[in-house]
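Sequence lines set the chain letters: A, B, ... in the order given, protein chains first and strands last, and positions in each chain run from 1.
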Amino acid sequence: MRKANQLKKQQRTAVKSSQRSIIADKLLAWYDACGRELSWRQDTTLYKVWVSEIMLQQTRVEAVEPYYRRFLDRFPDMRTLADAPEEDVLHAWQGLGYYSRARNLQTGVREALERYDGVLPQTRQEVESLSGVGSYTAGALLSIVHGQPEPAVDGNVLRVFSRLFCLKQLITSSIGKQAVTAKVREVIPSDRPGDFNQAVMDLGSSVCGRVPRCSLCPLADECIAYKEGCQSELPRKAKKAEPRPVKMAVGIVKNQCQQFFVRKRPKSGLLAGMWEFPTIEAVDSDPETALRSLFAKSGQTVASLTQWRNLQHVFSHRTWDLQIYQGSGTGYNNERREDGCWMTLDELAAVPLGKPHQTMANWLAEAAL
DNA sequence: AATTCGGGGTG
DNA sequence: CACCCAGAATT
C-alpha cells in the first residue's frame, strides 16, 4: 500500500516535472509572439507596475489604458502621489470604480517610502503588508519587479489552471485557490517568472476565456480538461448574489448664483470620499419631506422641490433606484465644507463624483445650454 | 467563509 | 439578461 502510493507519487511528480518545462516553454514562446504590448510593460519599475496592478484589479485592460497614462502623467513618481491631496487621487480615479483602491494605493506608497525607502521589499509578507496589496498583487510585484518565481493568482490564472489540470473544486473557495496556487508554483519558471505570470493572463484574456478557443491554444496538448472535453465546465464558481434594489432620493438645489448644494460622502462605505448631491435612502413613501428635512439640517431652506427625473444605477451588490428632485435655495458660501457647500458646475467637474452624480451633473450642464 | 466595495463589456 | 473582469479589506 505504502509502496504503491510512493510509486504513484513518483509517477505524478515525474509527469509534472516533464510538463513543467513544456508548459512554461510553450507559454513563453506564445507570449513572445502573441503577447500584447501594454503601456505598463515598457519598464518594470516598482511604481509603474504597482499603479497598473492596482488599476487592473477587477478591471479590464481596455478600461485601464487611458486612466493609467493620465495617472502617471499627473502623479509621475511615488513622492508626488504621496504628497498629493486624496481628492486629487480620487478625481484621477473617477469612473474606474472601487475607489478604495485609489486611497489604499496612496497609503501603500506612503508606507513604502517610509518603511522601505521606496524600494520593494524581498519577502511576500512584507509586500502584502502594504496597504491595498494582497496575495495577487504581491505575487505580481515580486515576479515582475524582482524576478521572483512567485504566483500571481488572479481570475485568469484560476480559469487557465483549473482547465490545464482539470481542478474541479469550487475555484472561489480558499482550497480551490490553494490548489491553483500550488500548481502555479510547480510550473512557474525561475528565469522569466514575471513574463510567465503575464503570459497566463494574456492567454486567459484572449484564448482561454469564458468561452475557450482551444483550437488557438498553445497549451491544448497539455490541457487535461481539453483532453477530457470538460473545459467549458471549468472553472466551477459559486453564484453571486443579485444586487439588492434600494430606493434613493436626491435633491438638486440651485441658488441664484448658479451654484448647487453638494456634500462629501463619508470616509468609508460606498463611494467613500466622493462628492454628491444630497442623497438619502427613501425608506418611507415621502421622499420629498425627507429631503426637505435633510436640507434643513444643513441650514438650507428650499423654496420649491419638485420631482425631476428618475435614474437607475447598478453596482455589483446593489441597485440604486433614484428619484431626483430639483429645487431652488437661497443659501450661498465660498467655503468648501465637506458636510455641505455650494459649487458651480465647473467646480463640481474638478471634484470626484460617482457615476450617478456625474450623470446628473451632465444633465444639468445640458439643461444650462 | 461571506460581504462589501464600481463600472462596463460580452455572448 | 447573466456573467465576469490582472482582488483587497472588512466582518
Side-chain angles (χ1 to χ4, degrees), chain A residues 35-36 38-41 49-68 90 93-105 107-108 127-141 143-144 150-160 170-178 180-181 184 194-206 208-213 232 235-244 246 265-274 312-320 352-359:
Chain A
R36 287 176 294 184
L38 302 170
S39 306
W40 45 89
R41 289 179 178 170
V49 178
W50 194 348
V51 170
S52 72
E53 292 300 339
I54 301 301
M55 281 192 174
L56 286 161
Q57 289 171 8
Q58 296 292 287
T59 309
R60 296 172 184 282
V61 164
E62 311 83 69
V64 166
E65 283 271 19
Y67 281 90
Y68 177 78
L90 283 176
W93 212 269
Q94 178 179 99
L96 257 189
Y98 286 160
Y99 299 98
S100 64
R101 291 183 296 173
R103 291 182 287 111
N104 289 336
L105 171 62
T107 302
V127 176
E128 285 190 17
S129 77
L130 296 167
S131 179
V133 178
S135 62
Y136 161 77
T137 305
L141 293 176
S143 64
I144 297 172
E150 282 294 313
V153 180
D154 73 328
N156 289 305
V157 180
L158 290 175
R159 193 168 52 252
V160 170
L170 274 183
I171 218 64
T172 47
S173 71
S174 64
I175 62 164
K177 187 181 172 185
Q178 275 180 24
V180 168
T181 304
V184 175
D195 285 347
F196 176 85
N197 282 334
Q198 296 185 82
V200 179
M201 296 187 244
D202 271 18
L203 189 71
S205 169
S206 61
C208 195
R210 189 157 57 90
V211 179
R213 308 165 66 183
S232 293
R236 290 186 54 206
K237 290 192 172 184
K239 289 177 183 173
K240 288 176 186 173
E242 266 182 39
R244 186 169 57 85
V246 180
R265 293 177 61 84
K267 298 187 184 305
S268 65
L270 188 62
L271 301 175
M274 314 282 280
Q312 188 182 65
H313 183 77
V314 181
F315 299 95
S316 48
H317 63 301
R318 85 186 58 175
T319 298
W320 275 0
L353 298 173
K355 185 62 168 60
H357 295 276
Q358 197 181 337
T359 298

Rounded to the nearest angstrom, tell me the gap between atom [atom1] in [X] and atom [atom2] in [N].
{"X": "A:Y67", "N": "B:dG6", "atom1": "OH", "atom2": "C1'", "value": "10 Å"}
{"X": "A:R244", "N": "B:dT3", "atom1": "CZ", "atom2": "C1'", "value": "12 Å"}
{"X": "A:Q358", "N": "B:dG7", "atom1": "CD", "atom2": "P", "value": "8 Å"}
{"X": "A:K355", "N": "B:dG6", "atom1": "NZ", "atom2": "C1'", "value": "11 Å"}
{"X": "A:M274", "N": "B:dC5", "atom1": "CE", "atom2": "C1'", "value": "12 Å"}
{"X": "A:H357", "N": "B:dG6", "atom1": "NE2", "atom2": "P", "value": "12 Å"}
{"X": "A:L90", "N": "B:dC5", "atom1": "CG", "atom2": "C1'", "value": "14 Å"}

Sugar-phosphate only, base, or nothing, as touched by [X] at under 4.0 Å among non-hydrogen atoms:
{"X": "A:G354", "value": "sugar-phosphate"}
{"X": "A:W93", "value": "nothing"}
{"X": "A:L105", "value": "nothing"}
{"X": "A:G204", "value": "nothing"}

Is the phosphate of [N], meaning OP1 or OP2, less than 4.0 Å from a side-chain N or O of [X]?
{"X": "A:H317", "N": "B:dT3", "result": "no"}
{"X": "A:H313", "N": "B:dG6", "result": "no"}
{"X": "A:R103", "N": "B:dC5", "result": "no"}

### Task
Using the C1' atom on both, measure B:dG11 against C:dA6 and round to a whole Å.
22 Å
#### Entry: Gap in Å between the two C1' atoms, one belonging to B:dG6 and one to C:dC3, rounded
16 Å
With sequence neighbours left out, write down each residue that passes salt bridge (charged side-chain N to carboxylate O under 4.0 Å, His left out) with [X], or none if nothing qualifies.
{"X": "A:R41", "value": "A:D202"}
{"X": "A:R265", "value": "A:E276"}
{"X": "A:E53", "value": "none"}

### Query
For atom CZ of A:R36, is the number of surrounding heavy atoms from other residues, nucleotides or ligands below 6.0 Å larger than 12?
yes
### Query
Hey, which of these two, A:E62 or A:S316, hits DNA chain B nearer its 5' end, going by closest nucleotide?
A:S316
### Task
Hey, which sits more toward the 5' end of DNA chain B by its nearest nucleotide, A:A241 or A:L270?
A:A241
### Among A:Q58, A:R159, A:M201, the one residue meeting side chain to side chain contact (heavy atoms under 4.5 Å, CB included) with A:D154
A:M201
### Message
Is any side-chain heavy atom of A:E65 closer than 4.5 Å to one of A:W40?
### Response
yes
### A:Y67 and A:T59, any side-chain heavy atoms less than 4.5 Å apart
no
### Partners passing side-chain hydrogen bond (donor to acceptor under 3.5 Å, both in side chains) against A:Q57 (at least two apart in sequence or in another chain)
A:T137
Would you list the protein and nucleotides 7-11 of chain C atom pairs, both N or O, that sit under 3.5 Å from each other?
from  : atom 1 : to     : atom 2 : distance (Å)
C:dG7 : OP1    : A:G155 : N      : 3.1
C:dG7 : OP2    : A:Q58  : N      : 2.6
C:dG7 : OP2    : A:Q58  : NE2    : 3.3
C:dG7 : O5'    : A:Q58  : N      : 3.4
C:dA8 : OP1    : A:G134 : N      : 3.0
C:dA8 : OP1    : A:T137 : N      : 2.9
C:dA8 : OP1    : A:T137 : OG1    : 2.8
C:dA8 : OP2    : A:Y136 : N      : 3.4
C:dA9 : OP1    : A:G132 : N      : 2.5

Atom pairs under 3.5 Å: protein N/O with N/O of nucleotides 1-4 of chain C:
none

### Task
Apply the test side chain to side chain donor-acceptor pair (under 3.5 Å) to residues A:K177 and A:S135: give CA-CA distance (whole Å), side-chain angles for both, the deciding distance (0.1 Å), then the verdict.
CA-CA 11 Å; A:K177 187 181 172 185; A:S135 62; 2.9 Å; yes
### Query
Nearest 0.5 Å, what's the CG-OH distance between A:L270 and A:Y99?
10.0 Å
